[in-house]
There are 2 protein chains.
Amino acid sequence: MTTRARGLHTHVLESLGLAITAGAYPPGSVLRTDELAQRFDVSRTVVREVIRVLESMYLVESRRRVGVTVQPAEQWNVYDPQVIRWRLAGADRPRQLRSLTVLRSAVEPVAAGLAALRATPAQCADLTEQALGMVATSRGRRLEAYLVHDVAFHRIVLDASGNEMFARLGDVVAEVLTGRTHHQVMFPDPDPAAVTLHVRVAEAVRARDAAEAERLTREIAVGALQELDVLAP
Amino acid sequence: MTTRARGLHTHVLESLGLAITAGAYPPGSVLRTDELAQRFDVSRTVVREVIRVLESMYLVESRRRVGVTVQPAEQWNVYDPQVIRWRLAGADRPRQLRSLTVLRSAVEPVAAGLAALRATPAQCADLTEQALGMVATSRGRRLEAYLVHDVAFHRIVLDASGNEMFARLGDVVAEVLTGRTHHQVMFPDPDPAAVTLHVRVAEAVRARDAAEAERLTREIAVGALQELDVLAP
DNA sequence: CGTGATTTAAAAGTCATACTTTTGTGGCCT
DNA sequence: AGGCCACAAAAGTATGACTTTTAAATCACG
């Protein structure tokens, strides 16, 4: 299933990106475009375009007379959605989930505070709806349905913050929540305390109580971090 | 000075990226590779490689039989360093500085808290040194020297947090601080209160007092936000 | 012997062209 | 009106020739 029929470029990009982020090539390794073209059985044209993209993600660096050098992980643009996906699909998924969760714990409380100041009535209503949806699906092993509401909830908060940088983290949060549900030993039902907190965040936002919305979201974040420590100590 | 002799690819990428992020092409505009090749007087090969990179930044989308469509700003990967640079160089620099500052205000306090737990002795020493440097240069219109210490200080905190996502924001913070110093109406001397706060953060980190480091950094962040409101209300 | 200039060749960068594939559009038929 | 089909436009891919940069080997000289 690794070979979706989406064009040669996509295929080669996916293969190489996955391999590099998985650490298949130690930093400093040198690739040659000719060799890659041969290996993937595509033209040099395709390889070059792929390399240019990987270069823009700081996964590799291309230099004349030298070749394409794999960069150390500290260089990688870890905010690139593609890179995030590759890393989540690879071996250090746990490490990646952890650092993303820490990022969430920093960003989401502030976003919630801003959302309380700026959310439109429609967004408030949406938020309440999702929170209620979480309540409704929080029992009886309905994790999938719960996840949908959870993701939607956090996305709305980030959007409503009115900050574009926050809003763009919606996908990241979705990945983290999905990963948590699917790939970790998950409790059969979500933590009831967390569910309640979501409802109260929705209320605080509707009440324009920024401080409370921030405080409550920080509690949710602490819970998420603790969960990580419990499940992968 | 817009045409650095760094290769055709770089030149075209820079031109197009800058133009798109500046809003020169309204979202939905369609470009054709042939036309671009002609306009920049380069081969279609070069244009295609550029398009692929812009596509990976979600600035454009390329579809057969249609052409290259400019994406709306909400799609852009605003965490890409290149995109950040382009936007900072363009017309909505103020808006960009604002959203980056909000991001900082969310991330840096948490990073400082983590740094207090994890900073190595060397990092603690470095931090103190930079804080003292800030004190030393905070008077007498030595803004440039002050800036260097300021940037270094925040970089160390982000690095010492031990979170890769935080660490990668070092460049962003550097951009914001530099932009604040160079492109805004700057007070002749930095705010003495801010300088003191930096010193105390360094002390808190050295003392392993995470809560205090976080609290103090939050104060710095509040100051930065207020400064924005004062200078560009 | 070491050191600096010079040559060499390896690899990426660029270009032109020919061909393939996808897909929006317009016309035709019912 | 609705659906089918043929057409053409634009991106995607392949190939081969050529240019430019530059690491490294070679050579000349003190």
Side-chain angles (χ1 to χ4, degrees), chain A residues 2-17 19-20 24-72 75-76 82, chain B residues 2-17 19-20 24-72 75-76 82:
Chain A
T2 170
T3 330
R4 282 179 252 163
R6 237 193 306 165
L8 300 182
H9 175 83
T10 309
H11 174 235
V12 175
L13 179 62
E14 214 70 10
S15 304
L16 265 183
I20 293 174
Y25 306 94
S29 308
V30 174
L31 311 170
R32 264 164 311 112
T33 53
D34 288 326
E35 188 229 331
L36 290 173
Q38 206 172 348
R39 178 134 64 87
F40 287 102
D41 192 34
V42 295
S43 69
R44 207 160 69 92
T45 312
V46 170
V47 172
R48 284 186 91 323
E49 288 174 9
V50 168
I51 294 300
R52 282 257 131 100
V53 172
L54 293 176
E55 205 172 15
S56 88
M57 298 167 175
Y58 300 94
L59 261 56
V60 302
E61 193 189 22
S62 178
R63 285 176 58 198
R64 275 176 152 138
R65 169 60 214 248
V66 148
V68 176
T69 317
V70 176
Q71 297 293 102
Q75 297 286 321
W76 301 349
Q82 196 104 128
Chain B
T2 170
T3 331
R4 280 179 251 161
R6 236 192 310 165
L8 300 181
H9 175 83
T10 309
H11 174 236
V12 176
L13 178 62
E14 214 70 8
S15 305
L16 265 183
I20 293 174
Y25 307 93
S29 307
V30 174
L31 311 170
R32 264 165 311 113
T33 52
D34 289 328
E35 188 229 329
L36 290 172
Q38 206 172 347
R39 179 135 64 86
F40 286 102
D41 192 34
V42 295
S43 70
R44 206 160 69 92
T45 312
V46 170
V47 171
R48 283 186 86 338
E49 288 173 9
V50 167
I51 294 299
R52 283 254 129 101
V53 172
L54 293 175
E55 206 172 14
S56 88
M57 298 168 174
Y58 302 93
L59 261 56
V60 302
E61 193 190 21
S62 179
R63 286 177 57 198
R64 276 174 147 131
R65 168 64 212 243
V66 154
V68 176
T69 316
V70 177
Q71 298 293 103
Q75 297 286 322
W76 301 349
Q82 196 104 131

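- Of the candidate nucleotides C:dC15, D:dT13, D:dT20, D:dT13 has the atom lying nearest to any side-chain atom of A:Leu8.
- In this model, the phosphate group of D:dG12 is approached by a side-chain N or O of B:Arg52 to a distance below 4.0 Å at OP1 or OP2.
- Base contact: B:Thr45 has a heavy atom under 4.0 Å from a base atom.
- Nearest to the side chain of B:Ser43, among C:dA9, D:dA11, C:dC15, sits C:dC15.
- Distances shown here put a side-chain N or O of A:Thr33 below 4.0 Å from the OP1 or OP2 atom of C:dA12.
- When the P atom of C:dT20 is taken as reference, atom CZ of B:Arg64 falls 13 Å away, rounded to whole Å.
- Relative to the side chain of B:Arg48, the nucleotides D:dA14, D:dG12, D:dT22 differ in distance, and D:dG12 lies closest.
- By the 4.5 Å heavy-atom criterion applied to side chains, B:Leu16 and B:Leu59 are not counted as neighbours.
- Side-chain contact between B:Met57 and B:Val53: present, with at least one pair of heavy atoms (C-beta onward) separated by less than 4.5 Å.
- Put simply, the side chain of B:Arg44 and the base of D:dG12 share a donor and an acceptor less than 3.5 Å apart.
- With D:dA9, D:dA14, D:dA10 as the candidates, the nucleotide lying closest to the side chain of B:Arg65 is D:dA9.
- Residue contacts shown for B:Arg63 are limited to sugar-phosphate atoms, with no base heavy atom under 4.0 Å away.
- Going from atom CD of A:Glu35 over to atom C1' of C:dA10 covers 15 Å, rounded to whole Å.
- Atom P of nucleotide D:dA14 and atom CG of A:Asp34 are separated by 14 Å, given to the nearest angstrom.
- B:Phe40 has its side chain out of reach of B:Val50: every pair of non-hydrogen atoms, C-beta onward, lies at least 4.5 Å apart.
- With hydrogens and angles disregarded, a donor-acceptor distance shorter than 3.5 Å links the side chain of A:Glu55 to the backbone of A:Ser62.
- Straight-line distance from the NE2 atom of A:His9 to the C1' atom of C:dT21: 17 Å, rounded to whole Å.
- Here D:dA10 presents its C1' atom at 13 Å from CD1 of B:Ile51, a figure rounded to the nearest Å.
- Between the CD atom of A:Glu55 and the C1' atom of C:dA12 there is a distance of 10 Å, rounded to whole Å.
- Between the CD atom of A:Glu49 and the C1' atom of D:dG12 there is a distance of 8 Å, given to the nearest Å.
- Using a 4.5 Å cut-off on side-chain heavy atoms (C-beta onward), A:Thr45 and B:Arg48 make no contact.
- Atom pair B:Arg6:CZ and C:dG13:P shows a separation of 13 Å (rounding to whole Å applied).
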